[in-house]
Amino acid sequence: MTSSTPHSRITAIDTLRGFALLGILTMNIASFSMPEAAYLNPMAYGGTDALNLTVHGFQAILADQKFMALFSMLFGAGLILLVDKLDATGRSPLKIHYSRNVWLLAFGIGHTLLWEGDVLMIYALCAFVLYLFRGLTAKTQIIAGVCVYLLPVLVSLLFANDLLGAADLNNFFSPTQQQLDAEIAAFQQGLSDETYMPEFTDPVLLAVFLLLLEAFLRAFGMMLIGMGLFRLGVLSAKASPAFYRNMMIFGFGIGIPLAALGLAYNYTQGWRADFLVVYGRQPNHFAALFLAAGYVGLIMTWTMTRFLQPLQSALADVGQMALTNYIGQTVIATCIFYWYGLGLFGTFDRIAQMGVVLSIWLFQIGLSVLWLKHFKYGPLEWLWRSLTYMRLQPLLRSQSA
């Protein structure tokens with residue numbers, strides 16, 4: 001689908017990117033607003049009543065890792081889009097690609113000064129290697145991507161004996177009330193991490209390493225899949241309506257039960273961290289792959305209609321300003337919850353967090369639409385582009401390229 005607006009050519013992939021970006025905030029809001037353990041263990045903090053646990057259940061099943069998988073897929077598609085565009089103009093994509101991602105790495109490093117959950121550094125590191133796979137056939141890219149994506153499952157199983165039964169690992173993700181109070185005070189008052197961080201023993205360090213390795217391989221695998229799907233036209237609403245319906249049926253039909261099964265299984269194990277790292281996260285890892293496909297089918301089907309087309313256009317504007325909006329989510333959320341803002345860290349349960357998510361969504365949608373009426377790029381997109389090409393790029397829509 002392509003439809004004209006006064007300021008841009010809105011495409012299906014832009015709408016999909018905007019949808020994914022807003023969904024990422026649903027994933028990250030717990031990390032912004034509550035003690036670290038609450039992201040992996042809903043019983044650690046955030047309300048253990050039925051309504052709060054229901055909210056967590058919807059987040060875990062429909063959002064956790066699914067929107068990041070989708071966003072990673074679109075990052076891979078963006079590489080192909082950039083390379084094709086540069087090739088068409090006779091310019092070598094090699095220098096621009098690596099310059100672009102060196103600066104993305106710099107953005108990521110800067111982002112970590114605000115929030116430790118940054119993904120831009122992982123994306124930049126993936127991109128350095130991803131470029132080498134651009135010439136593969138679409139089928140090979142998709143198969144290779146699925147294989148890479150599934151590697152963390154095997155790696156976790158290899159280290160099962162080193163993690164299962166590790167009491168200090170379980171204590172790390174099930175902190176005492178004293179540790180929780182110290183962490184909340186640290187974020188509310190700007191105190192040192194040393195006030196609440198437990199000791200990093202070997203099992204804890206191994207678990208953190210496995211989670212980081214999983215994040216890298218998951219992102220890289222989905223980027224490869226995204227490259228292949230873009231080559232096939234799947235991410236541009238060029239496949240048949242029946243194809244996208246099947247993506248929804250199989251994606252949601254398999255992904256939702258898998259994620260729900262993993263959630264239930266973790267409850268039966270009391271959210272033990274050793275079990276979670278080795279076995280408990282695996283159903284959701286598979287589910288994310290299917291649900292990402294389901295979301296592609298859903299949004300592509302939507303963009304092939306004229307239903308709520310102004311909302312499609314608004315989401316596309318959000319997607320065109322993905323870097324600005326991603327870092328903007330961190331700036332807004334940390335100003336609400338951290339010590340240098342309102343200092344509300346640890347005061348919102350999961351239900352109240354959804355109000356914050358909705359408010360940020362509405363703000364970013366409105367700002368993106370308004371900004372792109374007057375400017376060609378988002379502010380950070382303009383800076384990124386200017387740094388990549390080492391010259392100031394035209395920003396105002398009245399300026400020539």
Ring centroid separation for [X] and [Y], is it under 6.0 angstrom?
{"X": "Tyr123", "Y": "Tyr326", "result": "no"}
{"X": "Phe19", "Y": "Phe67", "result": "yes"}
{"X": "Tyr98", "Y": "Tyr131", "result": "yes"}

With under 30° as parallel and over 60° as perpendicular, where do the rings of [X] and [Y] fit, or are they tilted in between?
{"X": "Phe345", "Y": "Phe187", "result": "parallel"}
{"X": "Tyr149", "Y": "His285", "result": "parallel"}
{"X": "Tyr279", "Y": "Phe275", "result": "tilted"}

Between [X] and [Y], do the side chains contain an N or O donor and an N or O acceptor separated by less than 3.5 Å?
{"X": "Thr324", "Y": "Glu381", "value": "yes"}
{"X": "Tyr340", "Y": "Thr334", "value": "yes"}
{"X": "Gln329", "Y": "Asn325", "value": "no"}
{"X": "Asp14", "Y": "Thr11", "value": "yes"}

task: Not counting sequence neighbours, list each pair that qualifies as a salt bridge (charged side-chain N to carboxylate O under 4.0 Å, His left out) and has a residue in residues 271-291.
output: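 For residues 271-291, and leaving out neighbouring residues, the salt bridge (charged side-chain N to carboxylate O under 4.0 Å, His left out) pairs sorted by first residue read Glu214-Arg281, Arg272-Asp274.
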field: Set of side chain to side chain contact (heavy atoms under 4.5 Å, CB included) partners for Ser174, sequence neighbours left out
entry: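 With neighbours one apart ignored, the set is Asn41.
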task: Just jot down the side chain to side chain contact (heavy atoms under 4.5 Å, CB included) partners of Val155, sequence neighbours excluded, or say none.
output: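 Testing Val155 for side chain to side chain contact (heavy atoms under 4.5 Å, CB included), a comparison that skips the adjacent residues, returns Phe159, Leu210, Leu213.
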query: Is the closest side-chain heavy-atom distance between Pro394 and Lys376 below 4.5 Å?
result: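 Sidechains of Lys376 and Pro394: in contact.
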message: Check this for me, if you would: do Arg134 and Asp84 make a salt bridge, where the nitrogen-to-carboxylate-oxygen distance has to be below 4.0 angstrom?
response: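 Salt bridge: no.
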